[in-house]
Amino acid sequence: MQYWLFKTEPDAFSIEDLASKPNQTEHWDGIRNYQARNFLRDEVKVGDKVFIYHSSCKDVGIAGVAEVVKAGYVDHTQFDPDSKYFDPKSSPDKPRWYMVDVKHQHTFKRVLSLKTIKQMGDIQDIGLVKKGHRLSIMPVTEKEWHSLYEAAK
DNA sequence: GCCAACGTTGGC
DNA sequence: GCCAACGTTGGC
């Protein structure tokens with residue numbers, strides 16, 4: 001079992017949106033970054049735990065926890081010309097992009113702010129606090145997960 | 001909305 | 001395969 005952090009812009013899709021979906025489950029589509037894609041396709045597994053991180057908003061930080069309920073499969077939005085995630089260079093026999101399904105588990109009472117995370121002594125290596133952290137899917141170590149969870153709950 | 005940092009593209 | 005130009009990300 002592994003731990004992850006998924007970024008989302010709450011204006012587009014927030015943890016509240018996830019919690020209100022049928023069965024509190026939704027596919028995590030629209031990832032268009034190769035490194036993140038590799039994680040989704042190869043490493044994110046059913047049962048893995050995921051921090052949902054809100055970016056580009058008023059309350060930047062970790063908003064809650066979800067669980068992976070379906071491992072990597074082809075993101076169909078890449079073939080849909082009407083989708084904003086449409087990729088004309090991708091084809092069904094050679095798909096470029098993948099997604100997973102996640103199920104909402106827990107929304108923290110307060111968002112664990114990026115500022116607080118940066119102040120935590122044992123959270124120094126996570127992609128978030130490094131310069132230019134633009135990866136939308138990133139691994140979290142077990143130690144980091146427990147520290148962040150304790151700080152957030 | 002600004003702007004720095006980053007990934008991707010495409011000409012050569 | 002280099003690298004400049006461009007587009008995007010994301011905190012503030």
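All of these numbers come straight from a predicted model, not from anything done at the bench.
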Inset, instruction - Considering only NZ, NE, NH1 and NH2 on the basic side and carboxylate oxygens on the acidic side, decide whether Asp87(A) and Arg32(A) come within less than 4.0 Å. - result: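 Not counted as a salt bridge, because no side-chain N and carboxylate O are separated by less than 4.0 Å.
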Inset, instruction - Shoot me the first and last contacting nucleotide of DNA chain C against chain A, ordered 5' to 3', at under 4.0 angstrom to non-hydrogen atoms. - result: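 So the outermost contacting nucleotides come out as dG7(C) to dC12(C).
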Inset, instruction - Please work out if Lys89(A) contacts a base, only the sugar-phosphate, or nothing of the nucleic acid, heavy-atom cut-off 4.0 Å. - result: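 Contact class for Lys89(A): sugar-phosphate only.
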Inset, instruction - Using a 4.0 Å heavy-atom cut-off across all strands, classify Ser56(A) as base, sugar-phosphate, or nothing. - result: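 The residue Ser56(A) makes base contact.
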Would you mind writing out the side-chain donor-acceptor pairs for residues 62-73 of chain A within the sub-3.5 Å range, not counting sequence neighbours?
residue: Glu67(A); atom: OE1; partner: Gln105(A); partner atom: NE2; Å: 2.7
residue: Tyr73(A); atom: OH; partner: Asp101(A); partner atom: OD1; Å: 2.5
residue: Tyr73(A); atom: OH; partner: Asp101(A); partner atom: OD2; Å: 3.3

Inset, instruction - Taking the side chain as every heavy atom from C-beta outward, state whether Lys7(A) and Met138(A) have any atom pair closer than 4.5 Å. - result: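 The answer is yes; the side chains approach within 4.5 Å.
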Inset, instruction - Compute the centroid of each ring, for Trp97(A) and then for Phe86(A), and state whether the two points are separated by less than 6.0 Å. - result: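 No; Phe86(A) has its ring centre 6.0 Å or more from that of Trp97(A).
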Inset, instruction - Could you verify whether a donor N or O on one side chain and an acceptor N or O on the other, from Thr116(A) and Arg110(A), lie under 3.5 Å apart? - result: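 Result is no, nothing qualifies.
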